[in-house]
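First the structure, in the form of structure tokens, and then the observations on it.
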2 protein chains.
Amino acid sequence: MQQIMAENLSEKNNPVSCRSAFQTKCGNCRLNSICLPIALQEPDLDSLDRVIHRNKPLRKGEHVFRENDNFTAIYAIRSGFVKAYRLTDDGKEQVTGFYFPGEIIGLDGISQNKHSVSAKALETAAICEIPFEDAEALSSRFPSMQRHLFSLMSQEIIQDQQLITLLSKNTAEERISALILSISDRNAARKLSPTSFRLPMSRTDIGNYLGLTVETVSRVFSRFQKNGTLEVNNKEITILDIDQLRGIVTSEA
Amino acid sequence: MQQIMAENLSEKNNPVSCRSAFQTKCGNCRLNSICLPIALQEPDLDSLDRVIHRNKPLRKGEHVFRENDNFTAIYAIRSGFVKAYRLTDDGKEQVTGFYFPGEIIGLDGISQNKHSVSAKALETAAICEIPFEDAEALSSRFPSMQRHLFSLMSQEIIQDQQLITLLSKNTAEERISALILSISDRNAARKLSPTSFRLPMSRTDIGNYLGLTVETVSRVFSRFQKNGTLEVNNKEITILDIDQLRGIVTSEA
DNA sequence: CGAAGTGTTGACTAAACTCAAGTACTGTGG
DNA sequence: CCACAGTACTTGAGTTTAGTCAACACTTCG
């Protein structure tokens, strides 16, 4: 407690414009148009601000939460990238999703009161924490917040179902095209280049997520490179022919 | 009570014990321990009863709702079986789930205000309809109801993620074993035999759901029949060696 | 620098798919 | 109640895609 007070004091000396990113308020956050704040208007936004903890950034490999942790909060990604995964019965890892700045994670824990997946930072990541009790209280108070939380969960369901379709019906090339286009879209939502970006995850993670081996992922990238669809430079990707990619996912098979 | 007599008249020669299922109240419903009513205690249960529409049963092949229908309500399955599916961009069907009596469908529609899947009766099915407005109102009034709806959605997420893992990591035999065990468990929850039951869906639907071709599904059933794991008689299944099945899904690979 | 991790490429293999043919149900109309 | 049509299911033979195993190259970082 003492410690927290001390931190808060030191925070007061910082000029407003230079405050460390993890101390910014929702009202000023660059991501507020795609994150939780879109559920609330200005005066009510303070209620949200008041309950959010802006913890110190996680380093690569550190966990936001782990499978079976008690479910106490949901989390908004402010910067960095997070992967969610679970361990199968026989101890293998299954990557269930990649999450980008502005996205909310942790909603999986509601039903069982504990998390059903682990969430790990793929690189340094700043995370906002919203205790679920508070989120529930805000939901009861502001219908738009209740609606938004329902909506987030339902979006997660839709996303999972899209992945199911991908895994169940599509070839390796189709799966990888779909992932690249998804990343491209999410970059666009954050006003970043939709055609040139760095993949935050390893080939192994991609393969794991898409139900493919590393070798297959690597081969598909090589093939895309060779036929001029992508420029691949390690994790740096440039989409050269986006229509080609779109054609592949729409499974012209 | 008067009403009941009247209903019985119209039901012709049915004895009292056979009242048409779709007129029962939640308080008397055989499924209330696994369905929405578990969220509420007796006096409050009336509020739920008051908003539920018990429509006339659907016949095989009729839809509860269709993809892109406006989202107006969620639905509880009282009897019969329902499959959920969506059409992929290129017009193929993707089965996303099978639903059993006592289960809730339609929550997928919340975020976009329209349904993301179609839901179709696999055989005659009685469905309870709860307008979502009313469900939301009940949720604001009864925290346990809000919690239960959150919980249902989060369960759906977890289920989808399990399916993702299945599709991404497991062989044909593992997938089919998992489906059979899931059906067995859900039968047990409804106090039906966990080892002997009729599959409500076709081989084609199973294959579609599990990302396999009909032929592969058929071959796996034959193999299980041959090696004494199952007795398969068309859609009638008897589990002869449940530990064998469990062993297969726990992927001793 | 060197070790460990990460990614690429090749040769071979296996699981599931496709195509094809045939059998068994199911439901409808005579 | 049977005959028939149409669908659903099964089985076999051959093919294909992605997986496995193995060797090697490139990063990254202590």
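Proteins get letters first, then strands, A, B, ... in listed order; numbering begins at 1 in each.
With A:Arg175 contributing its side chain and A:Leu210 its backbone, the two residues share a donor-acceptor pair below 3.5 Å. Counting only distance, with no hydrogens or angles, the side chain of B:Asp69 and the backbone of B:Arg66 share a donor-acceptor pair below 3.5 Å.
One interatomic measurement links the two molecules: CG of A:Leu166 to P of D:dA18, which rounds to 12 Å at whole-angstrom precision. As a whole-Å value, the separation of A:Ile176 CD1 from C:dG7 C1' is 13 Å. The CD-P distance, from B:Glu174 to C:dA14, rounds to 17 Å in whole Å. Rounded to whole Å, atom C1' of C:dT26 lies 10 Å from atom NZ of B:Lys235. Remark: P of C:dT8 and CG of A:Leu230 are 12 Å apart, rounded to the nearest angstrom. Rounded to whole Å, the distance from CZ on B:Phe221 to C1' on C:dT23 is 18 Å. In this structure, B:Glu236 atom CD and D:dC9 atom C1' are separated by 15 Å, rounded to whole Å. Rounded to whole Å, atom P of C:dT18 lies 11 Å from atom NZ of A:Lys169.
A donor atom on one side chain and an acceptor atom on the other are found under 3.5 Å apart for B:Asn208 and A:Lys169.
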Take A:Thr229 and A:Asp241 through the side-chain hydrogen bond (donor to acceptor under 3.5 Å, both in side chains) test and state the conclusion after the steps. CA-CA 5 Å; A:Thr229 310; A:Asp241 187 346; 5.7 Å; no
B:Glu123 vs B:Lys60, test: salt bridge (Lys or Arg N to Asp or Glu O under 4.0 Å). Steps then yes/no. CA-CA 4 Å; B:Glu123 56 181 63; B:Lys60 180 174 172 174; over 6 Å; no
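For B:Phe65 and B:Phe71, the ring centers sit 6.0 Å or farther from each other.
A heavy-atom distance below 4.0 Å to DNA chain D is reached by these residues of residues 199-218 of chain B, ordered by number: B:Ser202, B:Arg203, B:Thr204, B:Glu215, B:Ser218.
Partners of B:Thr213 according to the side chain to side chain donor-acceptor pair (under 3.5 Å) rule, which considers only residues two or more places apart in sequence or in another chain, are B:Thr216.
A cation-pi arrangement, defined by a distance under 6.0 Å to the six-membered ring centre and an angle within 45 degrees of its axis, is present between B:Lys83 and B:Tyr85.
Just one of B:Phe98, B:Phe100, B:Tyr99 meets the ring-ring contact (aromatic ring centres under 6.0 Å, His included) condition when paired with B:Phe81; it is B:Phe100.
Counting distance only, with no hydrogens placed and no angle test, the side-chain atoms of A:Arg219 and the base atoms of D:dT20 include a donor-acceptor pair under 3.5 Å.
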At under 4.0 Å between heavy atoms, how does the protein contact nucleotides 25-30 of chain D? Give one character per nucleotide, 5' to 3', with B, S or -. ---S--
